[in-house]
Every structure is written in C-alpha cells, then in structure tokens.
Chemist: 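After the structure tokens below, expect a handful of questions from me.
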Amino acid sequence: MSRMHAVSVSCLVALLLAMNAFAGMEMPAELKAEVSQYPDSTVVQIVSMGGNQVVMLDCGSADMREVYDFFSGKAKGNGWNVVMENQQADLLMMRGMKDNKQLTVNVTVEDGKTMTALSLAANQ
C-alpha cells in the first residue's frame, strides 16, 4: 500500500469514527427528564460546566412554534414556573424556575433548520 493511500485510509477511518461519535450523542439524562427530546431531533452539541448543561438540538424542518410549544408544555407539565417569555419573528424563548434550578429554551431558525438550545443550570 502506498504512503498516500495509507494516509487517505487513515483520514477516512478518522472521519467515520467522528461521524459515529457525533451520531451517538444523547441528551443528558437530567435534562431529558425535565423536558424530553423533541421527536426526530438530533443532538448536535452538549456543553457541561459544573452542574450546568447546554444542549443544542437540530429539529430539522419542524415548525418553530410547534417546537417551542412542545418544550414549553413539557416544562410546565413537569412543574416549571415560567418566569419569562420572549417571542420575536426569529426567536422564541422561555425561562422557567423550579427547585433552585433554571431552565432556558431558545428556538430559532438558522439556514432553514429549526434549532433549539436547552440550558439547565443551578440558580445563582
């Protein structure tokens, strides 16, 4: 096998492993217990800092309002007290409080995709 071919194969293997790791990301259990994951959405990013978690979901071509209503309904159904809502043409946002925790939901449309950022943090 030539050196160039070996490098190409190594790059391909690394790319496939990275794609499998990306495809295997799951919403953290604590956050999923509070609002669950939007049907057919994909976790594209998870950031954990101490007890704080931020998850970015790609909700595909789902309607922004339907996605927002899904998460708002799940939060309220699990006892979150909605303390702030912000509704604009390109952003739907809510913040809820419960048991010394804060939940934030941001739904936007970027490049034709409905994206949702979920944040669960301890109250300061």
Chemist: Between the side chain of Asn100 and the main-chain N/O of Ala122, is any donor-acceptor distance below 3.5 Å?
Modeler: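 Not at all, since once roles are kept as given, no pair shorter than 3.5 Å links the two residues.
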Chemist: Give a yes or no on whether Val105 and Val82 share a hydrophobic cluster (residues Ile, Leu, Val, Met, Phe, Trp, Tyr; joining criterion: side-chain heavy atoms under 4.5 Å apart).
Modeler: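 Result: yes, single cluster for both.
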Chemist: Just do the side chain to side chain contact (heavy atoms under 4.5 Å, CB included) check on Lys74 and Gln37 with the steps written out, would you?
Modeler: CA-CA 10 Å; Lys74 291 287 185 180; Gln37 186 170 336; over 6 Å; no
Chemist: Counting only heavy atoms from other residues, nucleotides and ligands, does the tally under 6.0 Å from NZ of Lys98 exceed 12?
Modeler: yes
Chemist: Can you measure from OG (Ser41) to CE (Met115) and round to the nearest 0.5 angstrom?
Modeler: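 Answer rounded to 0.5 Å: 10.0 Å.
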Chemist: Which atom names give the shortest non-hydrogen contact between Met27 and Val55, and what distance separates them?
Modeler: CG-CG1, 4.1 Å
Chemist: With a sphere of 6.0 Å drawn around CG of Asp40, does it hold more than 12 non-hydrogen atoms of other residues, nucleotides or ligands?
Modeler: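 Result for CG/Asp40: open.
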Chemist: Could you pull out the closest heavy-atom pair between Leu91 and Thr108, with the gap in Å?
Modeler: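 It is CD1-CG2, 3.7 Å.
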Chemist: Would you give the length of the straight line joining atom CG of Asp69 to atom CE of Met94, rounded to the nearest 0.5 angstrom?
Modeler: 11.5 Å
Chemist: When rounded to the nearest 0.5 angstrom, what distance separates CD in Glu110 from CG in Asp90?
Modeler: 10.0 Å
Chemist: State whether the side chain of Asp99 and the backbone N or O of Lys101 hold a donor-acceptor pair below 3.5 Å, judged by distance alone.
Modeler: no
Chemist: The test is side chain to side chain contact (heavy atoms under 4.5 Å, CB included); show your working for Met93 and Met84 and say whether it passes.
Modeler: CA-CA 8 Å; Met93 177 187 166; Met84 190 271 291; 3.1 Å; yes
Chemist: Please walk me through it: do Glu26 and Val43 pass side chain to side chain contact (heavy atoms under 4.5 Å, CB included)?
Modeler: CA-CA 6 Å; Glu26 293 187 19; Val43 176; 5.7 Å; no
Chemist: For residues Leu103 and Ala75, report the shortest heavy-atom separation together with the two atoms involved.
Modeler: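 Closest approach of Leu103 to Ala75: CD2-CB, 3.8 Å.
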Chemist: Check whether Thr114 reaches the backbone of Cys59 with its side chain - one donor and one acceptor, N or O, closer than 3.5 Å.
Modeler: no
Chemist: Measure across Ala89 and Met64 and return the closest heavy-atom pair with its distance rounded to 0.1 Å.
Modeler: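 Nearest heavy atoms, Ala89 then Met64: O-CE, 3.4 Å.
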Chemist: Is Gln45 close to Met25 at the side-chain level, that is, under 4.5 Å between some pair of heavy atoms?
Modeler: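 Not touching, per the 4.5 Å side-chain cut-off.
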Chemist: Could you go through Ile46 and Gln53, starting from their C-alpha distance and side-chain angles, then the distance that decides it, and tell me whether this counts as side chain to side chain contact (heavy atoms under 4.5 Å, CB included)?
Modeler: CA-CA 7 Å; Ile46 300 171; Gln53 300 173 336; 5.9 Å; no
Chemist: Grab the two heavy atoms, one from Val54 and one from Ser119, that are nearest each other, plus how far apart they are.
Modeler: CG2-OG, 4.0 Å
Chemist: Using 30° and 60° as the class boundaries, would you call the ring planes of Phe71 and Tyr38 parallel, tilted or perpendicular?
Modeler: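 The arrangement is tilted - the two ring planes meet at 30° to 60°.
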Chemist: What are the two closest non-hydrogen atoms of Glu34 and Trp80, and how far apart are they?
Modeler: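 Closest pair (atom of Glu34, atom of Trp80, distance): OE1-NE1, 2.8 Å.
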Chemist: List in chain and number order the residues that pass ring-ring contact (aromatic ring centres under 6.0 Å, His included) with Tyr68, two or more places apart in sequence or in another chain; answer none if no residue qualifies.
Modeler: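 Listed in chain order: nothing, the list is empty.
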Chemist: Quick check for you: to the nearest 0.5 Å, what is the distance between Asn52 atom CG and Leu120 atom CG?
Modeler: 8.0 Å
